[in-house]
Amino acid sequence: RLPWGIRMGQPYYVPVDGGMEKPLAVPEAGGGMLSPDGKHMVFTPKDREFRTWKRYRGGRAQDVWTYDLENNTSEQLTDHDATDHQPVWVGDDIYFISDRDYHLNLYKYVKGGAPQKVTNHDTYDALWASAGPEAIVYENGGYLWRYDTNNNESTKPIRANTSFSLLKIEMCVSSSI
């Protein structure tokens, strides 16, 4: 949700079994994901997902944080002049997209150490990370790539095959338009 402007989003807890949503105590958030156990959230406090700023090093550069849903506490994980964003959680590990080397690539958070760069794209930026139990899918150069966290390898492309006969296209025509 956007509580008071287009530059900030408010994360909400929505019960799976239904009921009213309730805002989390995080006042502003960009991308994020719940931990596998559902007790923590990894997020960026600033929302810049649709900005066209490349290699930005200013005050709206994002960092990665975690929020403990049970204890109502947060912890900053990254502190870099570059943008660290689109964090995801796979098992016990946190990954995020960063342009700290001037091309957006996927990095793995290392507690107490420097993040580990796990992809090496140098022509196009890695974008829109999304995670499942064992892998991260992201876009690079117009293709979907899959980063396997078990063997630390990225493969491309992921192909989505569909038949036009399976697609149903409906068109509404109104004389009032």
Side-chain angles (χ1 to χ4, degrees), residues 7-11 13 24-141 143-158:
R7 283 192 175 216
M8 62 274 313
Q10 171 81 50
Y13 171 80
L24 297 178
V26 176
E28 179 183 357
M33 181 179 180
L34 290 175
S35 62
D37 65 8
K39 296 179 181 180
H40 296 85
M41 180 176 85
V42 62
F43 71 102
T44 56
K46 299 172 186 165
D47 188 5
R48 276 192 44 230
E49 303 308 320
F50 295 99
R51 304 286 179 247
T52 56
W53 311 328
K54 289 191 171 227
R55 302 0 135 208
Y56 178 72
R57 301 293 195 265
R60 296 243 1 128
Q62 298 160 295
D63 285 308
V64 176
W65 290 63
T66 57
Y67 175 69
D68 185 323
L69 296 164
E70 294 177 337
N71 296 313
N72 197 28
T73 57
S74 60
E75 177 184 3
Q76 185 173 356
L77 302 184
T78 66
D79 182 18
H80 197 275
D81 290 342
T83 292
D84 297 335
H85 65 141
Q86 300 172 3
V88 295
W89 217 308
V90 181
D92 293 330
D93 296 316
I94 294 171
Y95 295 83
F96 58 93
I97 300 285
S98 180
D99 65 357
R100 54 186 63 214
D101 290 338
Y102 296 98
H103 279 89
L104 289 166
N105 273 288
L106 189 62
Y107 286 77
K108 180 179 177 181
Y109 169 70
V110 177
K111 188 170 182 73
Q116 175 188 357
K117 186 176 178 181
V118 298
T119 63
N120 290 294
H121 299 290
D122 60 4
T123 303
Y124 301 106
D125 290 334
L127 301 167
W128 309 114
S130 182
E134 297 178 355
I136 299 166
V137 173
Y138 61 95
E139 185 268 330
N140 179 269
Y143 294 97
L144 292 178
W145 290 66
R146 182 181 189 272
Y147 175 76
D148 187 321
T149 59
N150 292 321
N151 65 16
N152 299 316
E153 290 183 4
S154 278
T155 54
K156 85 153 191 172
I158 295 174

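Throughout, numbering of the chain's residues begins at 1 and tracks the sequence.
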Quiz item: Looking only at heavy atoms, what is the nearest atom pair of His103 and Asp125, with distance?
Solution: CA-OD1, 3.5 Å
Self-check item: Value rounded to 0.5 Å, distance of CG in Asp63 from CG in Asp81
Solution: 9.0 Å
Self-check item: For Ala135 against Thr149, the heavy-atom pair lying closest together
Solution: N-OG1, 4.3 Å
Exercise. Could you give me the CA-CA distance, side-chain angles and deciding distance for Leu104 and His85, then say whether side chain to side chain contact (heavy atoms under 4.5 Å, CB included) is met?
Key: CA-CA 10 Å; Leu104 289 166; His85 65 141; 3.9 Å; yes
Practice problem: Assess whether side chain to side chain contact (heavy atoms under 4.5 Å, CB included) is satisfied between Phe96 and Gln62, documenting all intermediate values. | Solution: CA-CA 11 Å; Phe96 58 93; Gln62 298 160 295; over 6 Å; no
Quiz prompt | Check: Tyr67 and Asn72 side chains under 4.5 Å, non-hydrogen atoms | solution = yes
Quiz item: Would you say the side chain of His40 lies within less than 4.5 Å of the side chain of Ile94, judging by non-hydrogen atoms?
Solution: no
Practice problem: Sequence neighbours left out, what passes side chain to side chain contact (heavy atoms under 4.5 Å, CB included) with Lys39? Give chain and number order. | Solution: Asp37, Glu70
Exercise. Provide the closest heavy-atom pair for Pro36 versus Gly91 in the form atom of the first, atom of the second, distance.
Key: CG-O, 3.2 Å
Exercise. Any chance you could measure Trp145, atom CH2, to Leu106, atom CG, to the nearest 0.5 Å?
Key: 12.0 Å
Quiz prompt | side chain to side chain contact (heavy atoms under 4.5 Å, CB included) assessment of Thr119 paired with Asn140 | solution = CA-CA 11 Å; Thr119 63; Asn140 179 269; over 6 Å; no
Practice problem: Would you indicate whether the side-chain heavy atoms of His80 and Ser98 approach each other to under 4.5 Å? | Solution: no
Quiz prompt | Closest non-hydrogen atom pair between Ala126 and His121, with its separation | solution = CB-CD2, 4.3 Å
Quiz prompt | Separation of Thr44 OG1 from Asp84 CG (nearest 0.5 Å) | solution = 9.5 Å
Quiz item: Ser74 side chain to Thr66 main-chain N or O, any donor-acceptor pair under 3.5 Å?
Solution: no
Quiz item: Regarding Asp101 and Tyr107, is there a side-chain donor-to-acceptor distance under 3.5 Å anywhere?
Solution: yes
Quiz item: What distance separates Asn152 CG from Tyr147 OH, expressed to the nearest 0.5 Å?
Solution: 3.5 Å
Quiz item: Closest heavy-atom contact between Met33 and Ala131?
Solution: CE-O, 3.8 Å
Quiz item: Has the side chain of Asp148 got a donor or acceptor atom that lies under 3.5 Å from a matching backbone atom of Asn150?
Solution: yes
Quiz item: Atom OH of Tyr102 and atom CG of Asp122: how far apart are they, to the nearest 0.5 Å?
Solution: 16.0 Å
Exercise. Give, for atom CD of Gln116 and atom OH of Tyr95, the distance between the pair rounded to the nearest 0.5 Å.
Key: 7.5 Å
Quiz item: Looking only at heavy atoms, what is the nearest atom pair of Val64 and Pro87, with distance?
Solution: CG1-CB, 4.0 Å
Quiz item: Is the side chain of Asn151 donor-acceptor paired with the backbone N or O of Glu153 at a distance under 3.5 Å, no angle test?
Solution: yes
Quiz item: Should Tyr138 and Gln86 be marked as a side chain to side chain contact (heavy atoms under 4.5 Å, CB included) after you check the CA-CA gap, both sets of side-chain angles, and the distance that decides it?
Solution: CA-CA 10 Å; Tyr138 61 95; Gln86 300 172 3; over 6 Å; no
Quiz item: Can you name the residues that form a salt bridge (charged side-chain N to carboxylate O under 4.0 Å, His left out) with Asp68, not counting sequence neighbours?
Solution: none
